[in-house]
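All of these numbers come straight from a predicted model, not from anything done at the bench. Throughout, residue positions are numbered sequentially from 1 according to the sequence presented.
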Amino acid sequence: MAAGKKPPGPHAGHREREKRQFLANGLNGLPDHKVMELVLFYAIPQGDVNPLAHRLVEQFGSLAGVLNATYDQLLQVDGVGPSTAALLHLIPAVSARYMAQSASFDGQIVNTWQYRELLQPLFFGQRDELAYLVCMDGKNKVLATRKLGEGIADAVRITSRKVLEAALACNATQVALAHNHVSGVALWSDADVDTTLRLKRLLREAGIELADHLIFAGDDMVSMAESGLLRD
């Protein structure tokens with residue numbers, strides 16, 4: 001060994017081995033902290049990032065918890081700098097764009113699960129409650145998807161005027177409401193049902209049918225129409 005040259009450390013070649021393992025096998029069987037370690041290789045070019053991967057997963061409870069954390073929350077973790085926080089914050093946004101562009105949805109709603117293809121990317125990785133209105137013509141073709149509200153305690157409490165204006169602006173014959181629950185539970189509350197039925201009556205007076213109200217939570221989606229809650 002040349003004079004003055006340090007011998008390889010215990011982690012020499014570790015990064016390349018981990019990358020090769022991922023390329024060969026994907027993420028199958030890897031615990032959350034190992035997946036996080038792979039991500040951190042690209043934010044922190046040198047050093048052992050395994051302890052930081054463990055800290056992040058322990059701090060936020062899971063890989064999903066880390067990726068759902070805000071930029072400021074990430075910076076509070078020892079070892080996370082601006083570049084690392086920015087990369088972790090970027091991943092959900094890139095994933096949502098990928099989901100939106102790879103969806104096979106062709107613009108016409110013929111079954112409930114096509115709502116999921118249309119709307120899931122809009123809710124993916126969101127930390128606040130959002131509400132959307134899908135506006136359609138008489139042949140179930142989507143005319144527009146309009147955001148109704150964001151960042152409020154109960155996003156379904158949208159003013160009737162806002163819903164009606166969005167539907168009329170699109171010249172919609174029928175519409176579907178959608179909102180997410182950041183609690184992770186895809187279940188409607190009594191208030192959700194009451195508000196939905198009130199909006200259904202209002203829209204019908206304007207000649208517009210409320211086709212459904214969908215609630216998203218993580219990977220789950222429930223339909224009020226399929227559950228029989230919108231029947232007259």
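In the hydrophobic cluster analysis, where Ile, Leu, Val, Met, Phe, Trp and Tyr join through side-chain heavy atoms closer than 4.5 angstrom, L230 is grouped together with V222. Hydrophobic clustering, with ILVMFWY side chains joined whenever heavy atoms are under 4.5 angstrom apart, groups I109 together with M221. No continuous path of ILVMFWY side-chain contacts below 4.5 Å connects F60 to V182, so the two sit in separate hydrophobic clusters. Hydrophobic clustering (side-chain heavy atoms under 4.5 Å, transitive across Ile, Leu, Val, Met, Phe, Trp, Tyr) groups L27 together with F41. Criterion: ILVMFWY side-chain heavy atoms under 4.5 Å apart, direct or through other members. Under it, L52 and L90 are not part of a common hydrophobic cluster.
Across all non-hydrogen atoms, the minimal contact from A43 to P45 is O-CD, 3.7 Å. In plain terms, the two heavy atoms of C170 and L143 that are nearest each other are O-CD1, 3.3 Å. Smallest separation of non-hydrogen atoms from L75 and P82: CD2-N, 3.7 Å. Minimum heavy-atom separation, W188 to S227: CH2-OG, 3.1 Å.
Annotation: side chain of H181 is not in contact with side chain of F216 (no heavy-atom distance under 4.5 Å). Looking at N180 and I215, their side chains never come closer than 4.5 Å, going by heavy atoms from C-beta outward. When side chains are defined from C-beta on, K162 does not count as touching R146, because their heavy atoms never get closer than 4.5 Å. Side-chain contact between L210 and V175 is present, with heavy atoms from C-beta onward closer than 4.5 Å. Side-chain contact between Y132 and L130 is present, with heavy atoms from C-beta onward closer than 4.5 Å. Two residues are said to be in side-chain contact when any heavy atoms from C-beta on lie closer than 4.5 Å; L164 and L203 meet this criterion. A heavy-atom distance below 4.5 Å is found between the side chains of H179 and D192. L133 places none of its side-chain heavy atoms less than 4.5 Å from the side chain of T145.
In the displayed structure, K141 atom NZ is contacted under 6.0 Å by at most 12 heavy atoms of other residues, nucleotides or ligands. Enclosure of atom CG in D190 is not indicated, since only 12 or fewer non-hydrogen atoms of other residues, nucleotides or ligands lie within 6.0 angstrom. Other residues, nucleotides and ligands contribute at most 12 non-hydrogen atoms within 6.0 Å of the CG atom of N171.
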Under the criterion side chain to side chain contact (heavy atoms under 4.5 Å, CB included), I'd like the reasoning laid out for H33 against N50: C-alpha separation, chi angles, the key distance, then a yes or no. CA-CA 8 Å; H33 74 274; N50 184 271; 4.0 Å; yes

Starting from the C-alpha separation in whole Å, work towards a yes-or-no answer on side chain to side chain contact (heavy atoms under 4.5 Å, CB included) for T196 and M224. CA-CA 9 Å; T196 303; M224 285 192 182; 3.6 Å; yes

Trace of the side chain to side chain contact (heavy atoms under 4.5 Å, CB included) decision for D78 with R55: CA-CA 8 Å; D78 184 32; R55 280 199 299 276; 4.2 Å; yes

Please assess R15 against E18 for the test salt bridge (Lys or Arg N to Asp or Glu O under 4.0 Å), listing each intermediate value before the final yes or no. CA-CA 5 Å; R15 291 184 176 221; E18 293 296 310; over 6 Å; no

Walk me through it: do T84 and I44 pass the test side chain to side chain contact (heavy atoms under 4.5 Å, CB included)? CA-CA 7 Å; T84 301; I44 303 173; 3.6 Å; yes

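Taking CG from L74 and CG from L67, the interatomic distance works out to 8.5 Å, rounded to the nearest 0.5 Å. Rounded to the nearest 0.5 angstrom, R116 CZ and N111 CG are separated by 12.0 Å. Considering NE2 of H213 and CG of L197, their distance stands at 11.0 Å, rounded to 0.5 Å.
Using modelled atom types, one finds no donor on one side chain facing an acceptor on the other under 3.5 Å when comparing H54 with Q59. N140 and Q174 share a side-chain donor-acceptor pair at under 3.5 Å. A donor-acceptor pair shorter than 3.5 Å can be found between the side chains of D212 and S223.
Q108 places a side-chain N or O within 3.5 Å of a backbone atom of K139 that can act as its donor or acceptor partner.
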